[in-house]
Amino acid sequence: PDEAFITRGSAMGVCASGESLSPEEKARRKAEKDLSRRLDGQMAGDHNVDQQINKLLLLGAGESGKSTLFKQMITIYGKGYPESERKGFAPIIYNNIITSIKTLVLQSDHFGAVTAANEDSKRVIEELKGDEEIDSNLGQHVSRLWADDGIQQTYTQRALYQL
């Protein structure tokens with residue numbers, strides 16, 4: 001019985017050896033091994049690169065500032081935004097400026113009246129829809145109102161209303 005076992009074991013070793021492979025089969029296996037080694041090396045390199053990347057999961061309720069934080073991180077630590085993408089932010093910024101100055105003008109009736117010299121600027125701002133582009137004329141109205149003592153007084157009370 002031991003002799004039969006040795007014979008079977010020898011047969012298995014011969015079967016797996018490359019002695020009976022044709023030269024084409026040997027070349028194909030060598031190419032497959034080389035490809036496998038290259039892929040293993042590439043995967044190891046990719047893994048090392050991936051391990052160097054810091055990942056951050058931002059959780060929070062809607063409108064809590066997750067996107068704002070992410071954009072600030074890109075601006076501060078990243079390469080910034082391309083010119084085309086920066087120009088796309090202009091309408092959003094214009095809307096934020098107009099909405100904020102309109103809120104200040106509206107709340108100034110409660111916290112600090114706009115001076116008489118800036119009443120015309122106040123009327124211009126009150127009539128805006130919020131989707132306007134800020135040109136030099138509108139920019140002057142916003143600047144005058146921002147410098148107004150009543151608007152500044154209203155701004156100091158911003159914790160009492162939604163700005």
CD (Q107) and CG (D109) are apart, to the nearest 0.5 Å, by 8.5 Å
Whether over 12 other heavy atoms sit under 6.0 Å from E85 CD
yes
R144 side chain near V114 side chain, heavy-atom distance below 4.5 Å: no
**Prompt:** Honestly curious: do L21 and L35 fall in one hydrophobic cluster under the side-chain, below-4.5 Å linking rule?
**Reply:** no
Determine whether N95 and I98 make a side-chain contact, defined as any pair of heavy atoms from C-beta on separated by less than 4.5 Å.
no
In short, side chain to side chain donor-acceptor pair (under 3.5 Å) pairs touching residues 148-157 with sequence neighbours left out are T115-D148, N118-D148
If two hydrophobic side chains count as joined below 4.5 Å and joins carry through other members, does I125 share a cluster with L106? no
Discussion item. More than 12 heavy atoms of other residues, nucleotides or ligands under 6.0 Å from CZ of F70: yes or no?
Written reply: no
Contact check, side chains of L104 and L145, non-hydrogen atoms, under 4.5 Å
no
Review point. Judged by atom type as modelled, is there a donor-acceptor pair below 3.5 Å linking the side chain of S108 to the main-chain atoms of V105?
Key: yes
| Any side-chain heavy atom of D50 within less than 4.5 Å of one from D46? | no
NZ/NE/NH1/NH2 to OD/OE distance under 4.0 Å, E83 and R86 = yes
NZ/K30: more than 12 non-hydrogen atoms of other groups inside 6.0 Å = no
Salt bridge check, E25 against R28: does any charged N sit closer than 4.0 Å to a carboxylate O?
yes
Inset, instruction - Answer whether the closest heavy-atom distance between the side chains of E126 and K122 falls below 4.5 Å. - result: yes
Minimal heavy-atom distance between P91 and G88, with the atoms involved, is CD-O, 3.4 Å
Taken to the nearest 0.5 Å, the spacing of I97 CD1 from I92 CD1 works out to 12.0 Å
So the ring-ring contact (aromatic ring centres under 6.0 Å, His included) pairs with at least one residue in residues 93-145 (sequence neighbours excluded) are F111-Y161
Given 3.5 Å as the limit, does a donor-acceptor pair link the side chain of E132 with the main chain of G130, or not?
yes
When every non-hydrogen atom of T103 is compared with those of Q162, the smallest separation belongs to CG2-O, 3.4 Å
- request: May I ask you to decide whether R37 forms a salt bridge with D34, counting only side-chain N to carboxylate O separations under 4.0 Å?
  value: yes
